[in-house]
Protein chains: 2
Amino acid sequence: MQGPTGTTDVMKALTLARGGVRDMVSDDSDTTIHAPPRRLTIEHVAAEAGVSVATVSRALRGLPNVTPSTRERVRAVADRLNYHPDPAATRLAAGRTGTVTLAIPSLFGWYFSTVIAGAEAVCADAGLEFQVIAVSTPTHRDRLLDESRRLERRTDALILVDVTIEPEQVASLERRGVGLATIGSNVVGHPSVCIDDELVGQIAAEHLLALGHRRIGVIGGRPEGPMSFDVPEARWRGFSRELAAADVAVDHECNVNGNFSLDGGYEAMTQLLRAPSRPTAVFAMSDEMAFGALMACNEHSLRVGTDISLIGVDDHEFSRVVDLTTVRQPVADHGSVVARLLVAALRKSARHAGDPGEPVVGASDEHDEPVRPAVSLVERSSTGSISCT
Amino acid sequence: MQGPTGTTDVMKALTLARGGVRDMVSDDSDTTIHAPPRRLTIEHVAAEAGVSVATVSRALRGLPNVTPSTRERVRAVADRLNYHPDPAATRLAAGRTGTVTLAIPSLFGWYFSTVIAGAEAVCADAGLEFQVIAVSTPTHRDRLLDESRRLERRTDALILVDVTIEPEQVASLERRGVGLATIGSNVVGHPSVCIDDELVGQIAAEHLLALGHRRIGVIGGRPEGPMSFDVPEARWRGFSRELAAADVAVDHECNVNGNFSLDGGYEAMTQLLRAPSRPTAVFAMSDEMAFGALMACNEHSLRVGTDISLIGVDDHEFSRVVDLTTVRQPVADHGSVVARLLVAALRKSARHAGDPGEPVVGASDEHDEPVRPAVSLVERSSTGSISCT
DNA sequence: CTGTTAGCGCATTCAG
DNA sequence: CTGAATGCGCTAACAG
């Protein structure tokens with residue numbers, strides 16, 4: 001069986017003999033007469049360590065079947081040579097990509113970038129490459145998910161941030177062994193983090209009711225893109241239920257769409273202020289919209305906290321600058337928490353790899369319930385008792 | 001030469017014969033008796049189209065040596081089968097990774113996330129995968145850059161955002177054919193975009209001087225991490241030069257470190273307000289620091305724009321919320337502009353690939369001068385004529 | 001213009 | 001515990 005590979009091996013041997021491995025240790029090997037091999041491969045390490053490539057591979061990855069002394073020697077050589085396995089080759093041979101992909105409606109904005117930052121940090125720590133991809137339209141999302149066959153070769157796992165996913169798409173990912181984790185929605189059997197959005201609405205309502213407000217406007221609305229728009233819905237449910245319980249009239253009319261953006265908030269607030277019976281308080285479903293609302297109030301020379309009360313959601317880093325009362329959620333944790341869960345799941349499935357029958361990364365019983373970070377009221381000066389104007 | 005590969009080919013043939021390609025078109029092929037081939041490869045497409053794999057490869061990549069009719073047929077088959085080449089295999093065989101990596105001091109904050117968003121969009125459009133990596137310490141940076149050998153296998157190009165790089169590191173990247181582009185600093189021969197920071201300082205000074213201010217504080221300072229700290233330095237140069245030209249005293253004492261963060265700005269402003277001769281105006285080198293300064297002013301019950309003037313840099317999306325005067329820079333463009341330049345450079349070098357002698361992606365004469373987006377003064381209410389208190 | 005074939009660098013059976 | 005051989009899926013010469 002020396003067939004065609006014979007010539008190859010000879011060439012490799014020559015290459016190794018010619019320049020020697022030493023030349024590759026430093027970056028500036030231009031002084032050598034013979035051009036050194038451009039790429040440092042596992043073979044060089046093997047040659048230098050006097051073992052086979054298989055042993056190097058095993059030693060470097062910490063597999064069990066290696067004598068401690070051998071392992072040490074190989075490690076030392078690899079270190080000295082500054083050898084790092086080519087990820088592309090590893091992917092091709094092993095099937096794993098060592099990459100986590102995060103899909104998110106947008107890369108803009110405090111909420112999203114905070115989530116991204118949290119996830120990136122965890123992945124970097126775990127030695128995983130981290131890719132981001134903006135899925136701003138449902139079409140984008142479907143292109144991403146429906147071609148899960150393509151996804152499978154690109155990434156080991158997918159983190160969905162405020163991106164909805166259909167059951168069939170989940171099944172497809174599972175079948176292909178692509179890990180899945182979500183933020184902002186819950187997929188049974190997979191790690192997910194999402195706050196209790198009804199509670200968010202309820203807390204806001206309680207606070208405003210306690211201050212004596214009865215005529216309350218809401219800035220919510222469905223954001224653009226494939227964002228899970230049950231979020232605003234859930235917040236509205238919690239909010240309106242609480243109002244109803246206090247016998248306060250609630251009509252959908254007072255709920256205007258702010259698109260979860262600064263400008264949207266501004267527009268929405270402007271609209272609310274034009275209404276015949278102007279509200280004495282406004283619940284904005286995100287701080288960013290609240291900031292827009294703030295601008296509108298300023299324009300109308302309304303003193304926020306006195307003439308009108310305003311409460312947001314998030315506890316945006318900027319909220320304390322403008323002294324905005326808000327329902328806080330620990331956004332910074334969202335990304336890191338899912339990422340951690342995901343990494344753990346990946347590690348586990350990596351151990352079971354080879355187990356016949358079950359998909360490598362599938363649904364797990366441990367993730368029946370999503371992680372629910374606590375939300376809490378942060379009182380600042382943008383809300384106050386109802387004035388008797 | 002039918003050596004060992006003989007058996008392989010036979011197996012492949014069997015695999016193809018057994019399940020047939022049709023089974024792979026839909027995701028739910030569980031109904032088939034024989035398990036279909038798990039992965040759809042170029043061979044299936046070739047078989048189905050009745051051509052060789054080489055032809056498929058050429059056809060799909062738009063290489064010239066293919067008859068239009070053949071190309072169409074192959075394309076159709078690939079489409080129908082929903083075939084996508086395995087990126088790992090492509091990387092291994094072709095050497096290119098189809099990936100762009102962006103290194104940035106932090107993923108947090110408006111400036112950084114805006115830059116990231118801009119770059120991602122362009123890369124996604126160009127069909128390139130987009131990786132982000134936070135390099136928060138100089139050590140991180142060196143680990144990233146000094147192992148350029150490792151980088152080479154991971155990415156086709158690197159975008160450095162406010163990350164400094166040594167000439168040797170640049171040379172190393174060039175030698176390895178890794179593309180390079182920078183934001184916030186200029187590397188001769190590579191695409192880069194950076195504003196005229198001296199001009200920024202000058203504009204701020206001019207504005208405050210025109211309003212009659214003579215006792216001016218500055219919030220700048222060196223940010224943490226490997227961020228190119230010539231930015232604050234350049235702004236200070238432009239600023240102090242302008243003051244000097246107007247015969248206004250400038251001492252380094254009035255330049256306090258705000259770390260380019262909200263809290264840093266707050267601390268810095270607090271310090272400035274404690275000074276024996278309190279400044280009548282303050283130049284914060286970023287809007288975020290200005291926001292922190294704003295908080296400090298509020299705490300001291302100072303009316304910004306009347307009792308004290310405040311000017312920032314960036315035109316952060318929230319600047320209009322708090323009506324902050326600022327020196328605007330088109331941050332949203334930064335990321336997209338470099339990315340576009342980089343993509344163009346990559347395309348060009350891809351065409352020249354194979355040219356012996358020169359590195360695939362090296363320095364280019366076209367990029368001698370960095371792109372310098374225009375900066376401009378945005379007057380709002382946070383600055384005003386000096387009051388006679 | 002098209003097909004054949006040899007690797008890309010590593011993981012992984014299978015024999016020792 | 002270690003080594004030799006095979007193939008992951010594709011690209012890139014090189015033949016035809």
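Naming convention: chains lettered A, B, ... in sequence-line order (proteins, then strands); numbering from 1 in each chain.
- Atom CD of E43(B) and atom P of dT5(C) are 12 Å apart (whole Å).
- The CG-P distance, from L92(A) to dC10(D), rounds to 9 Å in whole Å.
- Contacts of N65(A) with the nucleic acid, taken as non-hydrogen atoms under 4.0 Å apart, include base atoms.
- At whole-Å resolution of the value, CZ in R58(B) and P in dG3(C) are 8 Å apart.
- Nearest to the side chain of R96(A), among dG9(D), dT12(C), dC10(C), sits dT12(C).
- Taking side-chain N and O atoms only, T90(B) has no distance below 4.0 Å to OP1 or OP2 of dG9(D).
- When heavy atoms are screened at a 4.0 angstrom cut-off, S57(A) is found touching base atoms of the nucleic acid.
- If you run side chain to side chain contact (heavy atoms under 4.5 Å, CB included) between L102(A) and each of T155(A), I116(A), L158(A), only I116(A) comes through.
- Between D156(B) and T99(B), the side chains place no donor N or O within less than 3.5 Å of an acceptor N or O (distance only, hydrogens not considered).
- Between the axis at the start and the axis at the end of the helix from dC1(C)-dG16(D) to dG16(C)-dC1(D) there is an angle of 30°, using five pairs per end and rounding to 10 degrees.
- Judged by distance alone, the side chain of T70(B) and the main-chain N or O of V66(B) form no donor-acceptor pair under 3.5 Å.
- As rounded to whole Å, 13 Å separates atom P of dT2(C) from atom CD of E72(B).
- Judged by distance alone, with hydrogens and angles left aside, R91(B) brings no side-chain donor or acceptor close enough to the base of dG9(C) to form a pair under 3.5 Å.
- Separating the CG atom of L63(B) from the C1' atom of dG3(C) is a distance of 15 Å, rounded to the nearest angstrom.
- Two residues, D86(A) and V66(B), neighbour DNA chain C, and the one matched to the more 5' nucleotide by heavy-atom proximity is V66(B).
- A donor-acceptor pair under 3.5 Å is formed between the side chain of T90(B) and the backbone N or O of D86(B).
- Within the 4.0 angstrom heavy-atom criterion, base atoms lie near A54(B).
- Sorted by first then second residue, the salt bridge (charged side-chain N to carboxylate O under 4.0 Å, His left out) pairs that include residues 57-71 of chain B, not counting sequence neighbours, number zero.
- In this entry the distance linking CD1 of I42(B) with C1' of dG9(D) reads 8 Å, nearest Å.
- The backbone N or O of E166(A) lies less than 3.5 Å from a partner atom in the side chain of Q169(A), making a donor-acceptor pair.
- If P68(B) and R61(A) are placed on DNA chain C by their nearest nucleotide, the residue sitting closer to the 5' end is P68(B).
- Within the structure, a side-chain polar atom (N or O) of S52(A) is placed less than 4.0 Å from OP1 or OP2 of dG3(D).
- Going from atom CZ of R153(B) over to atom P of dC8(C) covers 12 Å, rounded to whole Å.
- Remark: the backbone N or O of T41(A) is paired with a side-chain donor or acceptor of H44(A) at under 3.5 angstrom.
- Not one side-chain nitrogen or oxygen of T55(B) sits closer than 4.0 Å to the OP1 or OP2 atom of dC1(C).
- Taking only side-chain atoms of V51(A), from C-beta outward, the nucleotide of dT11(D), dC10(C), dG3(D) with the closest atom is dG3(D).
- In terms of modelled atom types and a separation under 3.5 Å, the side chain of E120(B) and the main chain of A134(A) share a donor-acceptor contact.
- Using a 4.0 Å cut-off, some side-chain N or O of T67(B) falls inside it from OP1 or OP2 of dT2(C).
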